[in-house]
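So you know, we letter chains A, B, ... as the sequences are listed, proteins then strands, and number each from 1. None of the values given here were measured: they were computed from a predicted structure. Both backbone and side-chain heavy atoms feed into the values below; hydrogens, waters and symmetry mates do not.
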Amino acid sequence: MDLTFSEEQDELRKVVRSFLARHATEADVRRLAADPSGYDPAVWRRMATEIGLQGLAVPEKYGGSGFGHVDLGVVFEETGRALLCAPYFATVALAAETLLRCDDERARTDLLPGIASGETVATLALTEENGRWDEVGVHLTAHEEAGGWRLTGVKTYVFDGHLADLLLVAARTPSGVSLFAVEAEAPGLARTPLPTLDQTRKQARVEFTNTPARLLGPEGAAWPALERTLATASVLLAAEQVGGAAAALDAAVEYAKIREQYGRPIGSFQGIKHKCADMLVEIESARSAAYGGLWALDAGDEAEIAISAALAQAFCSEAFTKVAGDNIQVHGGIGFTWEHPAHLYLKRAKSSEVLLGTPSYHRELLAARLGI
Amino acid sequence: MELDFGPAVRGFRDELRDWLAEHLVGEFAEHRGVGGPTDGAAWEVRLAWDRELAAGNWLGVGWPQEYGGRGLGLLEEIVFEYEYARVNAPYRATGNALDLLGPMLLKMGSEAQRKRFLPPILSVEELWGQGFSEPGAGSDLASVRTRAERAGGGGTSFEDASVEGASRPTGVENGDEWVVNGQKVWTSFGVHADWLYVLTRTDPDSRRHKGLTMLLVPADQPGVEIRPIRNLAGQDEFAEVFLSDARTDADMVVGEVGQGWRTAMATLGIERGTTLLPQQLTFEREAEALIGLARERGALDDPMLRRRIVDAWISVRIMRTTNLRTIAELTAGRAPGPQATTAKLYASTRHQQLGHLAMELAGPAGQIVGEDYGLDTRQRSFLLSLAETIYGGSSEIQRNIIGEQLLGLPKAPRP
């Protein structure tokens, strides 16, 4: 039993933090937030070539480094801390994980090396207008004809859907939910960027009109793999939320030390000091929720993964939002301005809260998995 | 909750499991889960159970063998606490000496003090009470006023006595004793204590943290009067201690004269580090019981209650992972992270919420108590949970500690 980080993992954290301190500065974040494309391809390439972030948890036989999810969680905590603007969550936490989970070895061999090398930006197109993350929410239809499978329907709230070179699409066939791969150049594919509340993470609406697609895995049997992917992504998102919350607390504490009112730093008043202490309690509790999930993923206990993933989202979502809001409160008026970065964290938090389903939804998942 | 602490401690674990299976029977087994840090229920049975443990050499697993312990490491201590809590054995009546006074003597005491006091703790022959808080010194412990001075002809002062050192002549009049005057309060299970460890002010001109001294004082003497205080659950659990010319030998100082604050702080550090795992297993049991009760009452169909029940479960699971993080760091020889400090605030607050929810689910039946204000487990746990945000450093003090020591926020200026 080893529920702590190894020296190698501490070192990984340092490397990623230092990379992001250079390539995901506040100026970078603001520039890319305002840019519809939403990421810097040069930085994306360096993430892959210099530290291998896209392929970190991809097995070596598919061109990755074969690290575990605790390692990947360390990276997500850091990207969350820096508010990295890049299709990293979509590509790594959703698309790569979907490929690793689906029952299609050829697809893995074909598609994962491009992701691991940074060549391919990928995403998972699951949600539709109903905004649901469960099996019954999938309505987009697939049918088979002479030339192969075709998709028709609409996916929306697709993370980085307008940037992705590769879209993995959940669609319904007569035998159930199936998984398909669609290339960006496919005919009958219309992608529209959606202006987002959280400008640091892009979303798109994707319309399919008789669009050719490649079936991944057996027809009608994709849901268990997708559900498992969402569990992994829930834990990784929780790690990202922890990182964002920790950055918000750092900002609040820094400000509370230097801002003076009534002739002394506001952090010396218990009203502010105790608020900051409560923020740390929230963050450390969220860390336990997220880390518990990461450890479960690497231990491979499926029941425990299902439980800790739902728990991580139910808890960390609200923790990040609470801490991001408290950061604005500690800053007072300046924290309420566009110019100050506090709102970037609040918006990332609020958006992340519903990214993979609301906290209420995850509580219900947890209740079901516990038999409550 | 099933935890495996690895092959190195498996033999120890199995020996302990076998012993517990053999000895936690009869009356002891009937008192599973009874007692707590502020719960003096079934004192005599629990004391007998402690003696049973002593006979099996299970007290002081981590204490050196020369004082009667097993001389094992932190991991074995953790395994002991975990296995002990897993079978829900009665809360140890000797907890105060085992968790606080003993470790304090091991860390700061003299060799003579260790030889004299540690073995009778492990054999349950002497019980201890803590004399820290005073009517005027609660959270602000540094404002203790209980005076201790060296007895002797002509009122030998503290400075004189320490200068005289070993060349002092013997006898009370010549300064071979401390005379203690003052009042202590909130001494848990104080009425049972044979000895007290008392934070005193030995330098009358000192202020706050300076000039304090930790003294070991025998309770059975005319100068010590211990009166029980009834807590809100109706138990005579803690006590107030009146010290009127109470006496103790000159060598009963733990640490150095004038350095009592350091000694006290070392004790409080210990207090926060060791109690979490068993406490958290108790909370897990309560959460499971709560879910069972909710199912029985059909409350799981109520979406509002259901949400609170899920949140209660989330809380105890987070406490577990937080404790495991700290244990992993400690056993890896690393300094515990911030979660070791935030855990108490989180656990105490969330446990109270769990208690409120349990009382709500119990409904009107939960409002009826037994004869002589006899409380059931749920009622007692709920009422006693109100102490958890007070003892061992109140939540407000915890927030100051977190803010100042972990986050580096400035202290409030002294008026």
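- B/Tyr391 carries B/Lys344 over the face of its six-membered ring, with the cationic atom under 6.0 Å from the centre and within 45° of the normal.
- In the model, A/Ser288 has a side-chain atom that pairs as donor or acceptor with a side-chain atom of B/Thr322 under 3.5 Å.
- Looking at B/Arg325, the atoms closer than 4.5 Å to chain A (heavy atoms on both sides) sit in the backbone and in the side chain alike.
- B/Gln279 and B/Glu388 share no donor-acceptor pair across their side chains, judged by distance under 3.5 Å alone.
- Within the 4.5 angstrom heavy-atom criterion, no atom of B/Pro303 approaches chain A.
- One side chain, A/Thr321 or A/Glu353, offers a donor N or O that lies under 3.5 Å from an acceptor on the other.
- Note on B/Arg350 versus B/Glu286: no salt bridge recorded, every NZ/NE/NH1/NH2 to OD/OE distance being 4.0 Å or above.
- With no hydrogens or angles considered, no side-chain donor-acceptor pair links B/Gln353 and B/Ser315 at under 3.5 Å.
- Of the charged side-chain nitrogens involved, none lies within less than 4.0 Å of a carboxylate oxygen, so that B/Arg10 and B/Asp14 do not count as a salt-bridged pair.
- The environment of A/Glu7 atom CD is sparse: at most 12 non-hydrogen atoms of other residues, nucleotides or ligands sit within 6.0 angstrom.
- Contacts between B/Ile291 and chain A at a heavy-atom distance below 4.5 Å involve the side chain alone, from C-beta outward.
- Only the side chain of A/Ala314 has a heavy atom closer than 4.5 Å to any heavy atom of chain B.
- Neither the backbone nor the side chain of A/Ile266 comes within contact range of chain B; no heavy atoms are under 4.5 Å apart.
- Of the two parts of A/Arg264, only the side chain, counted from C-beta on, holds a non-hydrogen atom closer than 4.5 Å to a non-hydrogen atom of chain B.
- The greatest number of non-hydrogen atom pairs below 4.5 Å with chain B, out of A/Arg287, A/Met279, A/Lys275, A/Arg363, is found for A/Arg363.
- Neither the backbone nor the side chain of A/Ile283 comes within less than 4.5 Å of any heavy atom of chain B.
- With a 4.5 Å cut-off on non-hydrogen atoms, A/Asp278 touches chain B through its side chain but not through its backbone.
- Inspection of the A/Arg228 and A/Thr232 side chains reveals an N or O donor paired with an N or O acceptor under 3.5 Å.
- Heavy-atom distances place the side chain of A/Glu318, and not its backbone, under 4.5 Å from chain B.
- Residue B/Ile318 touches chain A through both its backbone and its side chain, counting heavy-atom pairs closer than 4.5 Å.
- Interface residue B/Asp311: only side-chain heavy atoms are found under 4.5 Å from chain A.
- Using a 4.5 Å cut-off between heavy atoms, A/Ile372 touches chain B through backbone and side chain atoms alike.
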